[in-house]
Amino acid sequence: MKAIVDCNSFYCSCERLFKPHLDGKPVIVLSNNDGCIISRSHEAKKFGVEMAGPYFKAKPIIEKFNIATFSSNYNLYGDLSWRVMETLRMLLGKENVEVYSVDEAFLDLSGYPPDKLQEVAKNILETVEMWTGIKVSIGVAPTKVLAKVANRLSKKDQSTKQCVCVLDTEDKIIEALHATPIGDIWGVGRQYAEKLRDQYAVFTGLDLRNKKEEWAKTVLGGVTGIRLLKELKGETANEMEDELINKKMIMTTRMFGSPVNKISDIKEAIATYTSKAAEKLRRQNSAANVISIFIVAKQQDYMSNFKRGQSVHAHTTLSLATSCTNDLIKPAVNLVDEIFSKGCSYKKAGVMLSGLVPDNAIQTNIFEETPVNHNRKLMSMIDNINFSMRDDILKFAASGTTRDWKMRQEMRSNRYTTRWEELREVR
DNA sequence: TCTGGGGTCCTAGGACCC
DNA sequence: TCTGGGGTCCTAGGACCC
C-alpha cells in the first residue's frame with residue numbers, strides 16, 4: 001500500500017505558524033509579483049476566493065471579509081517543507097519516502113499489516129503536527145493514483161479533524177471513485193477532462209476505470225493513459241521513485257514589476273536570471289550545454305479570456321558545457337538581440353538551461369583547449385559568500401544595479417527561520 | 001491598471017545515416 | 001534520371017503536475 005501526505009493549505013499554514021492570531025481566520029498567499037492567489041486557507045475558500053485567480057479580481061472579497069494577505073515567502077516555506085519531510089523520513093525510513101513537491105510526499109507502507117494502516121497514518125499525522133506545527137492529510141490506497149483519490153476525500157471531512165482516508169477494499173475504492181469527478185483524478189487535466197465528458201460521457205473516476213486500456217491509449221496520450229487506467233484498477237504502474245537528485249532542466253523566469261520596453265533592461269534581467277540559474281546548476285554539480293531564453297510581450301487586448309501572452313524563444317548550443325556564470329551570461333544576453341523588437345513592451349522573461357551533464361565529466365570538444373574549469377573555484381566562492389551574506393551581495397555587472405524591472409512583493413512576511421535578523425521576537 | 005514559477009513525460013516529425 | 005528500408009537522434013509542442 002502507498003500513501004500520500006499532503007500539507008493542508010501549506011503556504012497559509014506556514015504564515016499562520018508565526019502569527020497564531022490568524023488561527024481560524026481566512027488567509028491567502030499570493031504568487032510572485034503579487035499576481036494571483038496560490039494558497040488559500042480553509043476559511044478563505046469558504047468565502048469564495050478562487051484558486052489561481054488573479055489578485056485584483058478577488059480584492060473586493062478580500063477587503064470585505066478582511067482576509068489576511070501575504071506575498072510569497074519561499075525561504076520560509078522551503079525551510080518548513082524540509083522539516084516536514086525530515087519528520088517523515090525519521091518515522092518511516094528514508095527509503096520509504098518520496099518527496100513529490102514542496103508540500104507532498106508519497107510513502108511506501110508495504111511494510112505494515114493492512115489492519116494497522118489507519119493507525120499508522122494517524123500517528124504520522126499527529127507526529128508531523130507536533131514536531132513542525134503543520135497539519136497534514138493522508139490518503140492510503142494500493143496505488144499512487146488511488147492514494148490521491150483517498151487524500152482528496154480525507155480533506156472533505158475536515159470537521160472530524162482526522163484527515164485520514166484509507167481505501168483498503170474493492171468496495172471502498174469503487175465508492176471513492178464514484179464520488180470523484182473526472183477532472184479531480186490525478187493525471188487528468190482540464191483538456192482531458194473536457195474531452196472525456198463531452199465526447200465519451202466519462203464523468204467520474206469510476207466511469208474511467210470501467211474503460212479499456214486500449215481505449216485509454218488512444219484517448220489519453222498513449223502509454224500515459226494506459227498507466228492511469230492500470231492504477232485506477234489497483235495495479236501499480238507508477239512505482240515509488242528514487243529522489244530525483246538532479247534536474248534535467250533548470251529555469252529561472254519572472255514577471256517584471258511593470259512592463260519593460262528597453263533592451264538594456266531586458267538584458268539586465270536575462271543576466272540576472274542566468275546567474276540564478278547557474279547557481280542552481282552548480283548546486284547540483286551540473287554543467288549546461290544549451291541556453292534558451294524567452295521574453296513575453298505584454299498583451300494589448302486583454303478581452304475577456306486571459307491567455308498567456310505570446311512568447312518568443314531563442315536558444316544556442318555551447319561548444320562546451322559549463323556552469324560558470326560569466327560563460328553563460330554572454331551567450332544568453334546575446335540571444336536577446338535576436339528576439340527583442342523595438343517598440344514592444346514585455347512583461348516577463350526567462351532563462352532555461354538544458355542538456356545538463358555532471359560537471360566533473362564534461363565532454364571535451366576536440367576543437368577547444370582542454371576544459372578550463374578554474375572558474376569553478378571562483379564560482380564556489382561567490383556561491384558561498386552569497387549564501388552566507390544572503391541577498392546576492394556579489395553580482396555580475398551585467399545584472400545591473402538599479403533593477404527597475406524587479407518584481408513586486410509588497411506583503412512578504414519575515415523569513416523567520418532562515419534569517420537571523422528576521423527571527424520572531426517574543427517580548 | 002493588475003493573471004506565478006518551476007518542472008516532468010510523451011509523441012510526432014524532420015534530418016541524417018547506412 | 002531512376003531509387004528502399006530501417007534506424008537513430010533531435011526538436012517542438014502538447015499534455016500534465018504542484
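The structure displayed is predicted, hence computed values, not measured ones. Order of the sequence lines sets the chain letters (A, B, ...), proteins ahead of strands, with each chain counted from 1.
Between the CE atom of A:Met352 and the C1' atom of B:dT8 there is a distance of 14 Å, rounded to whole Å. Between the P atom of B:dG7 and the NZ atom of A:Lys276 lies a distance of 13 Å, rounded to the nearest Å. For A:Lys298 and B:dT3, the NZ to P distance is 8 Å, given to the nearest whole Å.
Counting non-hydrogen atoms under 4.0 angstrom, A:Leu30 reaches nothing in the nucleic acid. Nucleic acid contact class of A:Asn32 (heavy atoms, under 4.0 Å, all strands): sugar-phosphate only. At a threshold of 4.0 angstrom between heavy atoms, the contacts of A:Met249 include nucleobase atoms, whether or not backbone atoms are also involved. Looking at heavy-atom distances under 4.0 Å, A:Thr252 makes contact with sugar-phosphate atoms alone, never a base. Contacts of A:His315 with the nucleic acid, taken as non-hydrogen atoms under 4.0 Å apart, involve only primed sugar atoms and P, OP1 or OP2.
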Every protein N/O within reach of nucleotides 15-18 of chain C N/O, cut-off under 3.5 Å:
{"residue": "C:dC16", "atom": "OP1", "partner": "A:Gly189", "partner atom": "N", "Å": "3.0"}
{"residue": "C:dC16", "atom": "OP1", "partner": "A:Gly189", "partner atom": "O", "Å": "3.4"}
{"residue": "C:dC16", "atom": "OP1", "partner": "A:Tyr192", "partner atom": "N", "Å": "2.9"}
{"residue": "C:dC17", "atom": "OP1", "partner": "A:Gly187", "partner atom": "N", "Å": "2.8"}
{"residue": "C:dC17", "atom": "OP1", "partner": "A:Val188", "partner atom": "N", "Å": "3.3"}
{"residue": "C:dC17", "atom": "OP1", "partner": "A:Val188", "partner atom": "O", "Å": "3.4"}
{"residue": "C:dC17", "atom": "O3'", "partner": "A:Trp186", "partner atom": "NE1", "Å": "3.1"}
{"residue": "C:dC18", "atom": "OP1", "partner": "A:Lys148", "partner atom": "NZ", "Å": "2.9"}
{"residue": "C:dC18", "atom": "O3'", "partner": "A:Ser101", "partner atom": "OG", "Å": "3.1"}
{"residue": "C:dC18", "atom": "O3'", "partner": "A:Asp103", "partner atom": "OD1", "Å": "3.0"}
{"residue": "C:dC18", "atom": "O3'", "partner": "A:Glu104", "partner atom": "OE2", "Å": "2.9"}

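In this structure C:dA12 sits in a base pair with B:dT11, meeting the Watson-Crick or G-U test at under 3.5 Å.
Side-chain contact between A:Arg89 and A:Met85 is present, with at least one heavy-atom pair separated by less than 4.5 Å.
In this model, the phosphate group of B:dC9 is approached by a side-chain N or O of A:Lys248 to a distance below 4.0 Å at OP1 or OP2. In terms of phosphate contacts, A:Lys280 brings a side-chain nitrogen or oxygen within less than 4.0 Å of OP1 or OP2 of B:dG6. Between A:Arg227 and the phosphate of B:dC10, there is a side-chain N or O to OP1/OP2 separation shorter than 4.0 Å.
Looking at the side chain of A:Phe56, the nearest of the listed nucleotides B:dG4, B:dT3, B:dG5 is B:dT3. Looking at the side chain of A:Lys247, the nearest of the listed nucleotides B:dG7, B:dT3, B:dG6 is B:dG7.
Comparing B:dC17 with C:dG4, their C1' atoms sit 14 Å apart, to the nearest whole Å.
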